[in-house]
Undergrad: 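There's a structure below that I have some questions on.
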There are 2 protein chains.
Amino acid sequence: MPNKLAGDGAGGDSVLMTALKRSTTTDEVRQRLADEILFGQFLPGHRLDEQSLSLRYGVSRTPVREALKQLAVTGLVEARPHKGVVVAEISPEALGLMFEAIADCEAACARHAARRMTATDRQMLADLHVLSHQAVVSGDGERYDAMNREFHALILRGARNSYLADVAQSLRQRVMPFRRAQFRRAERITRSFAEHQRILDAILAQDEDAAARAMRGHVAEAGGASADLLMPGRRSEPVGE
Amino acid sequence: MPNKLAGDGAGGDSVLMTALKRSTTTDEVRQRLADEILFGQFLPGHRLDEQSLSLRYGVSRTPVREALKQLAVTGLVEARPHKGVVVAEISPEALGLMFEAIADCEAACARHAARRMTATDRQMLADLHVLSHQAVVSGDGERYDAMNREFHALILRGARNSYLADVAQSLRQRVMPFRRAQFRRAERITRSFAEHQRILDAILAQDEDAAARAMRGHVAEAGGASADLLMPGRRSEPVGE
DNA sequence: ATATTCCATATTGCATGGAATATCTGCCCG
DNA sequence: CGGGCAGATATTCCATGCAATATGGAATAT
């Protein structure tokens with residue numbers, strides 16, 4: 001269902017639009033587009049043309065166009081001059097490199113987090129980890145996926161370096177469209193949980209090196225699994241040492 | 001001098017415009033704007049309004065506007081809704097965090113480069129380093145600055161991971177407007193050269209850990225020096241261990 | 001039958017005008 | 001004399017029209 005941005009376009013703006021409109025239409029469209037790509041509404045390779053999107057969101061072509069070009073800067077979509085915009089596709093090899101980059105960035109974040117997280121931060125992380133165990137035993141992939149994202153987000157914030165956290169987050173977003181079925185198998189969930197345990201232990205012990213190593217291994221492992229989903233035939237070579 | 005993009009605007013396009021125009025006006029403006037910011041034509045805090053820029057470049061407001069918003073995504077400029085765009089300003093504290101992030105990313109690159117650079121790559125890096133010694137003895141800061149950038153660029157490419165290299169390069173660009181007088185003092189040049197030597201040695205020995213450590217220290221050191229330039233009063237605390 | 005050229009169509013890209021929002025100035029009031 | 005309000009100005013932001021470029025297909029030549 002298309003579902004316009006807000007308001008009916010004919011009469012006055014809806015309360016929603018006017019109430020929380022301290023942002024611009026372009027930003028709204030960009031956020032909405034990013035979400036739809038991240039949640040799999042538009043799959044990699046899907047052509048995103050200005051006109052149909054402007055109809056879909058009930059706005060003119062201009063904000064759609066600007067949003068698309070801005071997303072192209074982030075790498076989530078690919079724009080070729082005079083040839084339109086498509087949801088970015090990543091080859092299996094490139095995906096391996098992306099996971100390597102994510103592993104490096106998040107390992108650095110984990111290192112800083114081990115040093116800089118407050119007691120409250122550590123407590124929150126520990127609580128979340130315990131809570132996620134429910135999703136492990138019930139085998140709820142969706143739920144574990146959300147908690148996995150939150151786990152990583154907490155560590156990124158704990159690093160107390162928004163620039164490093166932003167690049168990690170940005171890279172992580174770019175691979176999201178390729179991790180749809182990440183926790184389909186229960187075995188992947190339990191393995192991820194075990195790795196989270198190692199990361200958490202290292203952070204609680206404030207052991208920088210161990211935290212970095214555990215995080216690097218965790219992300220590399222997840223990367224290998226995702227690569228295997230793309231080309232189930234051959235075995236993925238390990239990345240990130 | 002304003003200096004339009006290309007062509008005279010009145011009659012037909014210039015040869016230059018038509019010849020190497022496989023790109024769009026927006027992209028040209030974005031590149032041009034980024035260059036002018038990076039080379040100090042527009043200092044941090046400078047207001048960038050659509051109209052004067054469109055006059056300056058001899059194009060309409062649309063491509064200028066799109067270029068500005070795209071640069072805002074990279075962080076080189078800051079755009080606030082309905083309040084215009086300014087060249088991004090970075091507080092001394094934030095600058096320290098940025099250098100920390102750069103240190104982490106480039107250290108990771110150096111680690112990969114130590115493993116993946118070909119013999120030819122290593123030779124090129126060694127040659128460049130030797131060549132840069134001329135700039136050291138002559139005290140040519142401009143020249144050494146260019147070679148320093150090339151040195152780091154070679155290592156980023158040597159990592160054979162364009163995603164990691166891109167984030168490092170992107171972060172590096174963002175701090176460039178704050179490093180104008182980086183090699184004003186001869187003492188900074190000699191120190192940088194010595195640190196390059198350590199990095200080079202580690203890479204030639206294919207010693208990952210040493211390469212990462214040397215690079216991290218090198219960038220942190222440069223960051224501390226840049227921070228001192230901003231607030232010459234107090235002593236900068238070391239970042240990135 | 002295949003390849004090539006030319007033309008019709010569709011889409012992107014740029015320019016311009018008008019609506020919405022922020023900023024500035026002068027004035028009024030406390 | 002300082003603070004706040006109202007109007008005027010300037011700028012951003014969105015919509016629309018037209019030009020430029022790419023795409024698909026039919027007709028022609030080999």
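Owing to the predicted nature of the structure, the values given are computational and were not obtained by experimental measurement. Lettering of chains follows the sequences in order, A, B, ..., and the numbering in each one begins at 1. Note that these values count all heavy atoms, side chains included, but never hydrogens, waters or copies made by symmetry.
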Undergrad: With no hydrogens and no angle check, is any side-chain donor or acceptor of B/Asn161 less than 3.5 Å from a backbone partner on A/Leu97?
TA: yes
Undergrad: I'd like to know if the side chain of B/Arg65 and the backbone of B/Glu50 have a donor-acceptor N/O pair within less than 3.5 Å.
TA: no
Undergrad: Could you please name the option among D/dC14, D/dT16, D/dC13 that lies closest to any side-chain atom of B/Lys69?
TA: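 In terms of side-chain proximity for B/Lys69, the closest of D/dC14, D/dT16, D/dC13 is D/dC13.
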Undergrad: When the distance from CZ of A/Arg80 to C1' of D/dT21 is rounded to whole Å, what number comes out?
TA: 15 Å
Undergrad: What is the separation between atom CG on A/Asp49 and atom P on D/dA22, rounded to the nearest whole Å?
TA: 18 Å
Undergrad: Does B/Lys83 make a side-chain N or O approach to OP1 or OP2 of C/dT23 shorter than 4.0 Å?
TA: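 Answer is yes, contact under 4.0 Å.
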Undergrad: Please report the distance, rounded to the nearest Å, between CD in A/Gln51 and C1' in C/dG13.
TA: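 Answer to the nearest Å: 15 Å.
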Undergrad: Take the protein atom CZ of A/Arg30 and the nucleotide atom P of D/dC13, then report the distance between them rounded to whole Å.
TA: 12 Å
Undergrad: With a 4.0 Å cutoff (strictly under), does any side-chain N or O of A/Arg65 reach OP1 or OP2 of C/dT12?
TA: no
Undergrad: Does D/dC14 have its OP1 or OP2 closer than 4.0 Å to a side-chain nitrogen or oxygen of A/Thr62?
TA: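 Indeed not, no polar side-chain atom of A/Thr62 lies that close.
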Undergrad: Looking at A/Thr25, I'd like to know whether one of its side-chain N or O atoms comes within less than 4.0 Å of OP1 or OP2 on D/dC13.
TA: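 It does not, given that no N or O in the side chain of A/Thr25 lies less than 4.0 Å from OP1 or OP2 of D/dC13.
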Undergrad: How close or far is atom P of D/dG24 from atom CZ of A/Arg47, stated in whole angstroms?
TA: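 Atom-to-atom, A/Arg47 to D/dG24, this comes out as 9 Å.
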Undergrad: Measure from CG on B/Leu53 to P on C/dA15 and round the result to the nearest Å.
TA: 14 Å
Undergrad: How close or far is atom C1' of C/dT11 from atom CG of A/Leu55, stated in whole angstroms?
TA: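 Roughly 14 Å, once rounded to whole Å.
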Undergrad: Can you tell me if A/Gln123 and A/Asp127 form a side-chain donor-acceptor pair at under 3.5 Å?
TA: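 The answer is yes; a qualifying pair exists.
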Undergrad: State, yes or no, whether a side-chain contact exists between A/Glu221 and A/Arg188 at a heavy-atom distance under 4.5 Å.
TA: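 Yes, side chains in contact.
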Undergrad: Which one, D/dC14, C/dA22, C/dA15, comes nearest to the side chain of B/His82?
TA: C/dA22
Undergrad: Atom CD of B/Glu50 to atom P of D/dA10: distance rounded to whole Å?
TA: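 So the two atoms are 16 Å apart, to the nearest Å.
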